[in-house]
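Letters A, B, ... are given to chains in the order of the sequence lines, protein chains preceding strands, and every chain is numbered from 1.
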2 protein chains.
Amino acid sequence: MTRRDDMAADRRRNGSDTPSATRDRILDAAARILSEKGYSATRLADIAQLAEVRAPALYYYFSSREELIAEVMAVGQRRLREHVESALAALPPGTAPMDRIDTAVQAHLQVELQLSDFATAVTRNLGQLPDDVRERLRSEGSEYIGLWRRLLEQARAAGLIRPDLDLRAARMLVMGALNWTPEWWNPRQGSLTDVIDTAKSLVRHGLG
Amino acid sequence: MTRRDDMAADRRRNGSDTPSATRDRILDAAARILSEKGYSATRLADIAQLAEVRAPALYYYFSSREELIAEVMAVGQRRLREHVESALAALPPGTAPMDRIDTAVQAHLQVELQLSDFATAVTRNLGQLPDDVRERLRSEGSEYIGLWRRLLEQARAAGLIRPDLDLRAARMLVMGALNWTPEWWNPRQGSLTDVIDTAKSLVRHGLG
DNA sequence: CAACTAATTTATCTTAAATTCGAAAACGTC
DNA sequence: GACGTTTTCGAATTTAAGATAAATTAGTTG
């Protein structure tokens, strides 16, 4: 085991990371490339260039391409969930279920379209990852899905959702509408607020 | 110019194709692999194996990997549009705009999830294609988008769509919900009819 | 049945990209 | 300002995949 691996291991264990500006630049660059080009077309050389280092430098911080990509995805998943969770947590207690769903829609779209290439990297690539990477991301992913399931279940329990809807299908269709936005939305063609408002309205009336 | 190119050229010109069973097997295989793995991860070797030939045989029918993939995408786009168009055409004249939208939702999902790997290949890969290939597919793609635009415009003209909705955003969100389905739907986890019915209901109430 | 053509194969070439390695900078410390 | 440690780099290695070439098979036709 080399010196390098020890360090990486240390990093992961204690949070005492001085998270090396370079390492962050590399991660950011990877997120960006990944969200634009997709898993298989993501080249280490491109990431390196964007991060302003040479390709071998990546190996100082990550043990392999897969490792780097897996890290980007993990960060993306976590940020997405945390952002939506904290938006919900900020609501006054007793907020109506439909308003909570509105909030989740808005938060999801904000992260996806404005805040984080990491989140976009996740939604655009989860489906095309090799099995072993996907496996590592599964539990975090299930948690986010669980969050949405609970949102919908609470709304249904309150009698706010039409009973003809298959709740799982409805949830996945809604999340699909949100996840697909990076494919078409462009800041120059319409404001983010328009998309968010339209999405809220569509979801609220679609479900209720 | 070799004999081979002449033949391929002939094929394209006149429709007198005896569309070689092998060529079709290759196209089908390519559609399948493409829809599963995505553009960059699609290997000629995998396609060949699925089509039960050796990789160089592909070059007898297609001049390059890009050519083959572009053909798959073109077929996929055309089939998707034609299927939805003919479903609409089969409706009695004077069918209400919302019912027409229902029909389009259903037809789109049927092609996407049941009828054609080609359609799935399109929705999952359009965003990651190299520019020159995307360029070739653009006009057909715009036509399909135009179809949906007209559907929504007619519904709005009839006063059936809430005026707070941004029509373009609404359209893209709806198409996103549909296009995302291949990412999660699995015949073993729920019937196609459930998904279709839920989608119809979601869209109808979401818009109107 | 010989000759031609279409279809497909095996073997080979080429290139692009990930990775490894050892050496050189850069940095902090005494 | 030499010394050890961290960080980065250029060059070499390896591998995988697309593409081409040449040979082979099978089928058709004169």
Side-chain angles (χ1 to χ4, degrees), chain A residues 1-11 16-27 29-30 33-34 36-72 128-130 132-133, chain B residues 1-12 14 16-27 29-30 33-34 36-72 128-130 132-133:
Chain A
M1 196 179 277
T2 74
R3 198 76 203 62
R4 186 162 93 215
D5 287 343
D6 291 351
M7 239 201 55
D10 283 356
R11 276 248 174 66
S16 83
D17 249 354
T18 302
S20 153
T22 306
R23 185 176 191 276
D24 281 353
R25 276 208 322 281
I26 293 173
L27 265 182
I33 301 283
L34 209 49
E36 282 171 8
K37 310 218 189 187
Y39 176 77
S40 306
T42 291
R43 309 267 168 257
L44 296 187
D46 295 344
I47 296 172
Q49 185 173 24
L50 201 58
E52 298 181 278
V53 292
R54 309 293 160 147
L58 308 195
Y59 287 86
Y60 184 75
Y61 298 97
F62 303 92
S63 64
S64 71
R65 173 181 185 270
E66 254 203 15
E67 182 72 17
L68 165 57
I69 291 179
E71 174 81 12
V72 170
Q128 295 186 353
L129 254 30
D132 57 326
V133 181
Chain B
M1 192 179 284
T2 73
R3 200 74 203 62
R4 183 162 95 214
D5 287 344
D6 291 351
M7 237 202 56
D10 283 355
R11 276 248 172 67
R12 262 172 266 120
N14 60 48
S16 83
D17 248 354
T18 303
S20 154
T22 306
R23 187 176 190 275
D24 281 352
R25 274 209 322 281
I26 293 173
L27 264 183
I33 301 284
L34 208 49
E36 283 171 6
K37 310 218 190 191
Y39 176 77
S40 306
T42 291
R43 300 284 127 78
L44 296 187
D46 295 344
I47 296 173
Q49 184 174 22
L50 201 57
E52 297 180 283
V53 293
R54 308 294 157 153
L58 309 195
Y59 287 89
Y60 185 77
Y61 299 97
F62 303 92
S63 64
S64 70
R65 173 182 185 270
E66 253 202 17
E67 182 73 16
L68 165 57
I69 291 180
E71 173 83 12
V72 169
Q128 295 186 352
L129 290 180
D132 57 326
V133 181

In whole angstrom, what separates [X]'s [atom1] from [N]'s [atom2]?
X: A/Gln49; N: D/dT8; atom1: CD; atom2: C1'; value: 17 Å
X: B/Arg25; N: C/dT8; atom1: CZ; atom2: P; value: 7 Å
X: A/Ile26; N: C/dA18; atom1: CD1; atom2: P; value: 14 Å
X: B/Leu44; N: C/dT10; atom1: CG; atom2: C1'; value: 17 Å
X: A/Ile47; N: C/dA17; atom1: CD1; atom2: P; value: 13 Å
X: A/Leu68; N: C/dT19; atom1: CG; atom2: P; value: 10 Å
X: B/Arg65; N: D/dG18; atom1: CZ; atom2: P; value: 6 Å
X: A/Tyr60; N: C/dG22; atom1: OH; atom2: P; value: 17 Å

[atom1]/[X] to [atom2]/[Y] distance, rounded to the nearest 0.5 angstrom?
X: B/Ile69; Y: B/Leu27; atom1: CD1; atom2: CG; result: 11.5 Å
X: A/Tyr39; Y: B/Lys37; atom1: OH; atom2: NZ; result: 11.5 Å
X: A/Tyr60; Y: A/Thr22; atom1: OH; atom2: OG1; result: 10.0 Å
X: B/Ile26; Y: B/Leu50; atom1: CD1; atom2: CG; result: 11.0 Å

Does a nitrogen or oxygen in the side chain of A/Tyr59 sit under 4.0 Å from OP1 or OP2 of C/dC21? no

Is the phosphate of C/dA7, meaning OP1 or OP2, less than 4.0 Å from a side-chain N or O of B/Thr22? no

Listed pairs, N/O of protein and of nucleotides 9-16 of chain D, under 3.5 Å:
from: D/dC9; atom 1: OP2; to: A/Arg54; atom 2: N; distance (Å): 2.7

Work out which heavy atom in A/Ser64 is nearest to a heavy atom in A/Tyr59; give both atom names and the distance. CA-CE2, 4.0 Å

Counting any heavy atom closer than 4.0 Å, what does B/Thr42 reach on the DNA or RNA strands: base, sugar-phosphate only, or nothing? sugar-phosphate

Sequence-distant partners of B/Glu36, side-chain hydrogen bond (donor to acceptor under 3.5 Å, both in side chains), two or more places apart: B/Arg32

Exercise answer: donor-acceptor pairs, residues 40-47 of chain A side-chain atoms, under 3.5 Å, sequence neighbours excluded:
from: A/Thr42; atom 1: OG1; to: A/Gly38; atom 2: O; distance (Å): 2.7
from: A/Arg43; atom 1: NH1; to: A/Ser40; atom 2: O; distance (Å): 3.2

